[in-house]
K.L.:
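Could you have a look at this structure, given as structure tokens, before my questions?
Computed from a predicted structure; not experimentally measured.
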Amino acid sequence: PAYSAGFGRGPRAALVRSLHFWSVSGTFAFALLAQVGFLTHQLTFLNPALGLERAALAVSLTTIAAIMGRVGTGFFIDRIDRRVATACNLAVQAAALALMLMWPSPAMLFIGSALYGLGVGNMVTFPSLIVQVEFPRESFNQVVGLVLAVNQFTFAFGPGILGWARDRWGSYDAALLICIAWALAAAAVVLLGMRGARRAEGVDLHDLRRERGRVDAEADQVRVEPGQ
């Protein structure tokens, strides 16, 4: 409780001023904006070409692929750069959307749905995996909490924006192009953030630790003073 009282002028304030933090949060804000938007509209998008039953099967294939992709990534994620893995994951999703947009045959729609699904589960775990290696261990919960808060606020707009694009242009072509743009923007942000993984805007890991230590010391002093 005493730590929370000084939170606004401590580590949290340092985080929100840091490009390093936004290189993580911004990445997944764009990524989940595209992913949640597409998944919400996927059945409606596939229905005209596949029919309702086969469209539902394609959606199920996306879900199965999401599980497989998440489990498979777990076997090698500790051996590669997690930002590079995130960018590759986003590139695969963008390619899957482009495949379905350019060649909307039943076979390509099934393949594209499966390919897109391979990256779906990873978008849930990658934020915490990046935070785990780039931020102080004692700040893990705080940083992940802020990242998720930004992401959840942002991706709530995805379905509405794609629905507006569908109504505005009369098809899902523009909506899928928007999703591709968001995915590629997210990949660019996460790769650009590699340069600031150690230091950004003058706020690095040591700054965060110093800020937290200062706030903790003040909290300890407040607890000691009433007994003096």
Side-chain angles (χ1 to χ4, degrees), residues 3-4 6-36 65-94 116-156 182-216 219:
Y3 180 74
S4 299
F7 221 38
R9 53 195 174 85
R12 180 177 295 176
L15 278 173
V16 298
R17 293 194 303 266
S18 171
L19 285 179
H20 182 197
F21 167 77
W22 289 108
S23 74
V24 180
S25 188
T27 293
F28 295 99
F30 279 121
L32 292 172
L33 193 62
Q35 180 168 291
V36 172
I67 297 171
M68 295 175 60
R70 187 167 177 177
V71 172
T73 302
F75 288 108
F76 60 83
I77 190 62
D78 288 334
R79 299 193 294 272
I80 62 175
D81 188 291
R82 297 175 185 191
R83 285 181 179 263
V84 173
T86 300
C88 291
N89 193 90
L90 289 162
V92 169
Q93 288 190 310
Y116 191 86
L118 289 175
V120 167
N122 290 330
M123 286 296 104
V124 178
T125 55
F126 276 155
S128 58
L129 290 174
I130 293 176
V131 170
Q132 182 184 38
V133 297
E134 294 188 3
F135 289 84
R137 182 175 59 184
E138 62 271 19
S139 299
F140 177 83
N141 290 338
Q142 171 196 345
V143 178
V144 170
L146 285 175
V147 169
L148 294 180
V150 173
N151 293 350
Q152 289 174 1
F153 173 80
T154 305
F155 72 59
W182 283 338
L184 294 178
V189 170
V190 76
L191 291 177
L192 289 172
M194 292 177 69
R195 298 183 60 184
R198 290 295 178 184
R199 188 173 185 88
E201 291 270 320
V203 179
D204 62 11
L205 305 186
H206 299 293
D207 294 328
L208 293 174
R209 290 191 176 100
R210 283 196 298 269
E211 287 287 341
R212 180 160 186 164
R214 182 182 62 80
V215 172
D216 284 343

K.L.:
Using a 4.5 Å cut-off on heavy atoms from C-beta on, say whether the side chain of Met194 contacts that of Val84.
P.N.:
yes
K.L.:
Apply side chain to side chain contact (heavy atoms under 4.5 Å, CB included) to the pair Phe135 and Gln142, showing each step before the final yes or no.
P.N.:
CA-CA 10 Å; Phe135 289 84; Gln142 171 196 345; over 6 Å; no
K.L.:
Nearest heavy-atom pair of Phe140 and Val131: which atoms, and what distance?
P.N.:
CD1-CG1, 3.9 Å
K.L.:
Say you draw a straight line from CZ of Phe126 to CG of Leu32; how long is it, rounded to the nearest 0.5 Å?
P.N.:
12.0 Å
K.L.:
Testing the basics here: between Ser23 and Gly193, what is the closest heavy-atom pair and its distance to 0.1 Å?
P.N.:
CB-CA, 3.7 Å
K.L.:
Identify the two heavy atoms, one from Ala183 and one from Leu90, that lie closest to each other, and give their separation to 0.1 Å.
P.N.:
O-CB, 3.8 Å
K.L.:
Minimum heavy-atom separation for Arg70 and Gly121, please, with both atom names.
P.N.:
CD-O, 3.8 Å
K.L.:
State, yes or no, whether a side-chain contact exists between Val190 and Val24 at a heavy-atom distance under 4.5 Å.
P.N.:
no
K.L.:
Can you tell me how far the OG1 atom of Thr73 sits from the CE atom of Met68, to the nearest 0.5 Å?
P.N.:
11.0 Å
K.L.:
Do Gln93 and Leu118 touch side chain to side chain, with heavy atoms closer than 4.5 Å?
P.N.:
no
K.L.:
Quick one: which of Leu33, Thr86, Val150 gives a side-chain contact (heavy atoms from CB on, under 4.5 Å) with Phe28?
P.N.:
Thr86
K.L.:
Excluding sequence neighbours, so at least two apart, what forms side-chain hydrogen bond (donor to acceptor under 3.5 Å, both in side chains) with Thr154?
P.N.:
none
K.L.:
Which pairs with one or both residues in residues 71-82 pass salt bridge (charged side-chain N to carboxylate O under 4.0 Å, His left out), sequence neighbours excluded?
P.N.:
Asp78-Arg82
K.L.:
Less than 4.5 Å apart, side chain to side chain, heavy atoms only: is that true for Phe30 and Leu184?
P.N.:
no
K.L.:
To check you understand the geometry: which heavy-atom pair defines the closest contact between Val189 and Gly26, and what is its length?
P.N.:
CG1-C, 4.4 Å
K.L.:
For a quick test of reading the model, state the closest non-hydrogen atom pair linking Ile80 to Ala85 and the distance between them.
P.N.:
CD1-CB, 3.6 Å
K.L.:
Give a yes or no on whether the backbone of Trp22 and the side-chain of Ser25 come within a donor-acceptor separation of less than 3.5 Å.
P.N.:
no
K.L.:
Does the Gln35 side chain pair with the main chain of Val120, one donor and one acceptor, at a distance under 3.5 Å?
P.N.:
yes
K.L.:
Is it the case that Arg83 and Thr27 place a side-chain donor and acceptor less than 3.5 Å from each other?
P.N.:
no
